[in-house]
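Computed from a prediction, not measured in an experiment: that's the story for all the values here.
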Amino acid sequence: MEETKKLNRFYIFPVLYVLSAYMALSNIFTMQKGLLFTLMFLSPFVLGILNIVVCARCCKPQYNGIMITSAAIVKYCLVPFFVIGGFLATCTFISGFVIPVPPMFIVGPSISFMLCIAGWLVIAFGSPYTISYVVLSQRESRISKGMAVFHIILQFFFTFDVIDVICLSFMAKRNIKMTIAIIVLIAVSFIILIALVLFIILQIITG
């Protein structure tokens, strides 16, 4: 029992990482300055490094189930984060060619590019849990080395990383209800995102 409680405390790391990502995103909207808000913005990257350290130290058989659940927590809970971030990146990119101010054709795409880079770093720093699970699965001969490399590569590409965790969860027969819920959420989110982009384009065309 005590050992189980000790292992379950591990979940605080993925949860803190998810919270830090949303705090950083909220800082973009508030545009506040100061040490506190700077730390909020940098917190995903600091906790991302902690993710790497923790996953490297806990890449052990007893953490096998915890790793895939932690991966699901991070990847699934960050779906709305990336939907909002993708919308912001799209809007800033389009604004560079719509707003009739000379520097905007440089500023808009530049901000969009920086948002994409920041988003990719959030993906990368949230991937150690999945990578640790894949490594453990390969060590236990549940997947081949080639498939292990394939799964790891997918973790660094948006959308593909979530789809991969969905597949791994079904294969492991864990987090099934959570996985079904996220499939529905992803479908709805992409429909809303596409609708918003089409609405903006329509507004631009019609003046």
**Q.** For the student: nearest non-hydrogen atoms of A21 and F81, plus distance
**A.**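 Nearest heavy atoms, A21 then F81: O-CE1, 3.1 Å.
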
Q) Which heavy atom of A89 sits nearest a heavy atom of S112, and at what distance? A)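 Between these two residues, the closest heavy atoms are O-OG, 2.9 Å.
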
Q.
For residues 176-186, which residue pairs pass the side-chain hydrogen bond (donor to acceptor under 3.5 Å, both in side chains) check, not counting sequence neighbours?
A.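 Of all non-adjacent pairs touching residues 176-186, those that pass side-chain hydrogen bond (donor to acceptor under 3.5 Å, both in side chains) are Y76-T179.
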
Q: Quick one: pull up SG in C58 and CG in L136 and give me the separation to the nearest 0.5 Å.
A: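 With rounding to 0.5 Å, SG (C58) is 10.5 Å from CG (L136).
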
Q) Taking everything shown except F170 itself, do over 12 heavy atoms lie less than 6.0 Å from its CZ? A)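 Count over threshold, so yes.
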
How about [X] and [Y]: do any of their side-chain heavy atoms sit closer than 4.5 Å?
{"X": "T159", "Y": "F82", "result": "no"}
{"X": "L168", "Y": "K75", "result": "no"}
{"X": "S70", "Y": "Y133", "result": "no"}
{"X": "H151", "Y": "S137", "result": "no"}
{"X": "L47", "Y": "L50", "result": "yes"}
{"X": "Q155", "Y": "V134", "result": "no"}
{"X": "L88", "Y": "L25", "result": "yes"}

Q.
Given S169, which partner from the list I68, I176, D164 fulfils the side-chain contact (heavy atoms from CB on, under 4.5 Å) test?
A.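 Of the listed options, the one satisfying the test is I68.
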
Q. If Ile, Leu, Val, Met, Phe, Trp and Tyr residues are connected whenever their side-chain heavy atoms lie under 4.5 Å apart, and connections chain through other members, are M67 and F156 in the same group?
A.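 Yes, one cluster joins them.
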
(Q) Would a single hydrophobic cluster contain both I163 and V165, if residues Ile, Leu, Val, Met, Phe, Trp and Tyr are joined by side-chain heavy-atom contacts under 4.5 Å? (A)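 V165 does not cluster with I163.
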
(Q) Under 4.5 Å side-chain heavy-atom separation, chaining through any Ile, Leu, Val, Met, Phe, Trp or Tyr, what else clusters with I194? Say none if it is isolated. (A)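 The other cluster members (ILVMFWY side chains, heavy atoms under 4.5 Å, direct or chained) are L198.
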
(Q) Taking ring pair (Phe, Tyr, Trp, His ring centres under 6.0 Å) as the definition, give me every residue that meets it alongside F13, ordered by chain and number, with sequence neighbours left out. (A)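 Testing F13 for ring pair (Phe, Tyr, Trp, His ring centres under 6.0 Å), a comparison that skips the adjacent residues, returns F10.
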
